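Written out below as structure tokens is the structure these notes cover.
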Amino acid sequence: TLCQNHTDFPSHEMHDLNFLNAVYCVGNYKEIFYSDTDIDRGMNKINNGTGMLYAIPFGKLDTMNPENSHTWAKIKGEDEWLKCGVVVSDNFKGDLTESRQLVGMSVDYCRALAAAIFIGDNERATIFEFRETDNSSLAALSNGTIDVLVGGRINRKHDFDGFHFSTPYYYGNESAIDDVNAYSIATRATRDQDDALFRSFVNCIVLAIIYAQENGIQRETSIDMPLVPVFGTSLTWALRDAIAYTGNYDELYSKHFHRDGANFAEEKRGRNTLNKGGPMMISFPNSPQ
């Protein structure tokens, strides 16, 4: 039957698995965790368009780690530049580095990473442009042509293709009934434990910009960001260097979505505002079925 217990993993191929069997056997999220419909579920509810920016706690940052991953060695040693791919729409025209809105924001995440890695030098990022429907972007990430891919939409089918997606930095306004578009930074998900530290570093920079917003830290007060020796001695100031370039999330958002001399009101920014304890549950495109 669909719900029989297995002592051994029944398949070695992910595409052979039917994840909806889990729903059939044990129920959906609400059925599993909340039998009482009157309970206050806080963040554990379906998000229908309210703020979703939330910096999960950084954890223990004062444990020193050596900077000996293959990715670190290549970026800081051989290349001395961060090679950053940026995804644009198929009809995009213009200068990538002078763009605004989502493309411009994505470019600034490249520069924030460069600032964090190269002691404040945000110009040490080589930007590569990729069209949205061109799968060459993931191939370039896989073969090392680029180190990170920014601006791609999270797509769960790539979880099994050797890619890791950071915390989203921008959400679409789709209904929760549909898959919500969420834009993040993709890195290679190798089995190398050292390179896992690089993936964590990339995610940490995304979270840092949200953390700065949560804690009232701005570009001029970036010195208030925590030190992070966990990523190695030369990267201890990484979060401070990143925020010294981008500022907090509102500063970055204002730079790229500024309209008629005024910022978008929070109610018009949809999910791209701070979460204050409200719903955080959404599904991403191509979640396994």
Side-chain angles (χ1 to χ4, degrees), residues 43 52-63 65 67 69-72 74-76 82-87 105-118 122 125 137-138 141-142 146-156 158-159 161-171 180-215 217 222 225-232 234-243 245-246 248-249 252 271-272 274-275 280 282 284:
M43 293 181 174
M52 286 195 65
L53 299 178
Y54 171 70
I56 60 174
F58 289 123
K60 189 174 178 60
L61 297 174
D62 57 359
T63 300
N65 279 293
E67 300 162 46
S69 80
H70 301 313
T71 306
W72 285 129
K74 194 169 186 297
I75 295 173
K76 303 187 75 173
L82 174 73
K83 295 181 296 185
C84 189
V86 173
V87 178
M105 177 180 270
S106 297
V107 171
D108 266 348
Y109 273 92
C110 289
R111 300 211 181 283
L113 283 169
I117 294 169
F118 295 106
N122 65 80
S137 60
L138 292 175
L141 181 60
S142 181
I146 56 176
D147 303 308
V148 294
L149 180 65
V150 186
R153 287 180 285 185
I154 294 178
N155 193 314
R156 290 280 75 114
H158 297 311
D159 288 357
D161 295 335
F163 302 107
H164 175 269
F165 295 92
S166 73
T167 297
Y169 62 82
Y170 187 86
Y171 293 91
V180 175
N181 287 324
Y183 299 82
S184 71
I185 304 179
T187 51
R188 291 180 294 278
T190 69
R191 295 183 179 181
D192 190 316
Q193 291 302 308
D194 292 330
D195 281 340
L197 193 64
F198 176 71
R199 297 195 296 273
S200 179
F201 176 82
V202 169
N203 193 56
C204 203
I205 298 305
V206 175
L207 292 174
I209 296 172
I210 302 172
Y211 174 92
Q213 182 67 36
E214 290 178 339
N215 290 275
I217 300 171
S222 60
M225 291 294 291
L227 296 172
V228 285
V230 67
F231 295 115
S234 69
L235 297 169
T236 298
W237 277 55
L239 303 191
R240 296 179 178 183
D241 289 334
I243 300 306
Y245 171 68
T246 63
N248 60 37
Y249 191 89
L252 185 58
R271 295 179 173 93
N272 300 301
L274 291 182
N275 180 277
M280 286 285 287
I282 59 173
F284 295 118

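When reading the values below, keep in mind they use all heavy atoms of this one structure, side chains included, and skip hydrogens, waters and symmetry mates. Everything numeric in this text was worked out from a predicted model, so none of it was measured. In what follows, residues are counted from 1 in the order of the sequence shown.
Here the closest heavy-atom approach between residue A208 and residue L239 is recorded as CB-CD2, 3.8 Å. Taking both residues in full, the closest heavy atoms of S106 and G151 are given as OG-CA, 3.6 Å, listed atom of the first, atom of the second, then distance. Across C110 and V150, no two heavy atoms sit closer than the pair SG-CG2, 3.7 Å. The shortest non-hydrogen separation linking V148 to V202 is CG1-CG2, 4.1 Å. The heavy-atom pair separating Y54 from M280 by the smallest distance is CB-CE, 3.8 Å. Residues R199 and R188 approach most closely at CD-O, 3.1 Å, considering heavy atoms.
Annotation: side chain of Y169 is not in contact with side chain of I205 (no heavy-atom distance under 4.5 Å). Counting only heavy atoms from C-beta outward, the side chains of L227 and W237 approach each other to under 4.5 Å. Annotation: side chain of I75 is in contact with side chain of L82 (closest heavy-atom distance under 4.5 Å). Using a 4.5 Å heavy-atom cutoff, the side chains of Y249 and M105 are in contact.
For the side chain to side chain donor-acceptor pair (under 3.5 Å) test, no residue two or more places apart in sequence or in another chain qualifies with S222. Among residues two or more places apart in sequence or in another chain, the ring-ring contact (aromatic ring centres under 6.0 Å, His included) test is passed with Y211 by F58. With sequence neighbours excluded, the residues that form a salt bridge (Lys or Arg N to Asp or Glu O under 4.0 Å) with D108 are K255.
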Inset, instruction - Apply the test side-chain contact (heavy atoms from CB on, under 4.5 Å) to residues V228 and F201: give CA-CA distance (whole Å), side-chain angles for both, the deciding distance (0.1 Å), then the verdict. - result: CA-CA 10 Å; V228 285; F201 176 82; 5.7 Å; no

Inset, instruction - For the pair I210 and L274, evaluate side-chain contact (heavy atoms from CB on, under 4.5 Å) and give the outcome as yes or no after the intermediate values. - result: CA-CA 8 Å; I210 302 172; L274 291 182; 4.0 Å; yes

Inset, instruction - Verify side-chain contact (heavy atoms from CB on, under 4.5 Å) between I282 and M52, making sure each step is shown before the conclusion. - result: CA-CA 10 Å; I282 59 173; M52 286 195 65; 3.9 Å; yes

Legend entry - L53 and Q213: CA distance, side-chain angles, deciding distance, side-chain contact (heavy atoms from CB on, under 4.5 Å) verdict: CA-CA 9 Å; L53 299 178; Q213 182 67 36; over 6 Å; no

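Atom CG of D241 and atom CE of M225 lie 11.0 Å apart (nearest 0.5 Å). If you take OG on S166 and CD1 on I154, they are separated by 6.5 Å, rounding to the nearest 0.5 Å. Atom-to-atom distance recorded for F198:CZ and L113:CG is 7.0 Å, nearest 0.5 angstrom. To the nearest 0.5 Å, the span separating CD1 on I146 from NZ on K83 amounts to 9.0 Å.
The main-chain N or O of I217 is found under 3.5 Å from a side-chain atom of N248 such that the two form a donor-acceptor pair. Between the side chain of N272 and the main chain of Y171, a donor-acceptor pair closer than 3.5 Å is present.
Between L149 and the options I185, T187, L138, a side chain to side chain contact (heavy atoms under 4.5 Å, CB included) holds for only L138.
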